[in-house]
Engineer: 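Shown below is the structure under consideration.
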Number of protein chains: 2
Amino acid sequence: MLTIGGLAKRTGTKVQTIRYYETIGLLPEPERTEGGQRRYGQTDLDRLGFVRHGRQLGFSLEAIRELLDLADNPTQSCADADSIARRQLKQVEDRIARLQALQVELQRMIKDCGHHSVADCRVLEVLRDHSECLTDHDRIGA
Amino acid sequence: MLTIGGLAKRTGTKVQTIRYYETIGLLPEPERTEGGQRRYGQTDLDRLGFVRHGRQLGFSLEAIRELLDLADNPTQSCADADSIARRQLKQVEDRIARLQALQVELQRMIKDCGHHSVADCRVLEVLRDHSECLTDHDRIGA
DNA sequence: GATAGAACCTCCAGCAACTAGAGCTTCAAG
DNA sequence: CTTGAAGCTCTAGTTGCTGGAGGTTCTATC
């Protein structure tokens, strides 16, 4: 039997986080000692491992909850799990695209900035310029 | 002069968000009408544009606050702005790397899932397998 | 069996960065 | 001068945790 600290260590989770997962019903209430301390078994270790891996993959706790429900009643179609994964993939692809655009822009900012005075600092200019991506028609009186 | 709603529309910001930026001191308190409604000018439009663009670029509000401070007192060295940008770039690169790993895994999950019953659904298996990335030495009693 | 101190317990508060709603007032058009 | 959209303040909720206060339990050592 594992203490909450042991479970935390094995799954790379913080103790507080485990208790938090319990309060939101993602993990079941575990056994307790006479004194009231939590004790965990293999099932708990597996379930928490599943949750943590899902989180690393970028699933929301709600998505993970859905997946766990699916896994708990394995009579339904797998299409549900598939659609959750597809939804996630789409989000991930969007995020990557936006981040890559950002990466390019930051690189440009850094390249153009020659450590002079702020007066001719390009980092600030880039941001200022783009604050005018809202160009003319976004200016007051246009 | 713009109303808060007009400013919101022009910058693609929600009205509540503008008021929020004001309460945290990111935007200055604007002029008010007799009746107490906020009225904004070009400066506010620029400043909020700067903030929103920074947010889209992934800067935290704190980082944006630093940049705005820099822009407000342009006597200091530009090295500060540069280092903020570098810090951000590193974070962005990390995020991209993690997301790409995730993308691959999700694609595999979807590819392997053939819309059968959950019994042989690979989506759940992938997550289950990896919950055992904590392999043997992570099992209780090992 | 006493004791020390690490690890546990509950409860509350807070983080970022907003978002939403209740209940009320003001503005601007017709 | 009325009407209804848009404004106002204030409070509370969101997601996914994290930290602290103040107190109890477990376990190892003497």
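Residue numbers begin at 1 in each chain, while the letters A, B, ... track the order of the sequences.
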Engineer: Calculate the interatomic distance between R55(A) atom CZ and dT15(D) atom P; express it in whole Å.
Structural biologist: 11 Å
Engineer: If the sugar-phosphate is the primed atoms plus P, OP1 and OP2 and the base is the rest, what is the B/S/- string for nucleotides 21-30 of chain C, using protein heavy atoms under 4.0 Å?
Structural biologist: B----BS---
Engineer: Mind listing the N/O atom pairs, protein and nucleotides 1-3 of chain D, below 3.5 Å?
Structural biologist:
none

Engineer: Picking from T3(A), I18(A), L45(A), what satisfies side chain to side chain contact (heavy atoms under 4.5 Å, CB included) with Y40(A)?
Structural biologist: I18(A)
Engineer: Can you identify which nucleotide, out of dC17(D), dA17(C), dC8(D), has its nearest atom closest to the Y21(A) side chain?
Structural biologist: dC17(D)
Engineer: Rounding to an integer number of Å, can you tell me how far L26(B) CG sits from dA16(C) C1'?
Structural biologist: 13 Å
Engineer: If you assign each of G5(B) and E62(A) to its closest nucleotide in DNA chain D, which residue comes earlier from the 5' end?
Structural biologist: G5(B)
Engineer: In whole Å, I'd like the distance from the CD1 atom of I18(A) to the P atom of dC8(C).
Structural biologist: 9 Å
Engineer: Separation of Y20(B) atom OH from dA12(D) atom P, in whole Å?
Structural biologist: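 So the OH-P distance, Y20(B) to dA12(D), works out to 18 Å.
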Engineer: Closest to the V15(A) side chain: dG19(D), dC8(C), dC18(C)?
Structural biologist: dC8(C)
Engineer: Without decimals, in angstroms, what is the distance between E22(A) CD and dC17(D) P?
Structural biologist: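 Interatomic distance, CD of E22(A) to P of dC17(D): 15 Å.
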Engineer: Within the 4.5 Å heavy-atom criterion, are L68(B) and V51(B) side-chain neighbours or not?
Structural biologist: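 A side-chain contact exists here, since the closest heavy-atom pair is under 4.5 Å.
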Engineer: Which of the following nucleotides, dC8(D), dG16(D), dC9(C), is nearest to the side chain of S60(A)?
Structural biologist: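 From the listed options, dG16(D) comes nearest.
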Engineer: Apply salt bridge (Lys or Arg N to Asp or Glu O under 4.0 Å) to K14(B) and list each qualifying residue two or more places apart in sequence or on a separate chain.
Structural biologist: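 For K14(B), no residue satisfies salt bridge (Lys or Arg N to Asp or Glu O under 4.0 Å) once neighbours in sequence are set aside.
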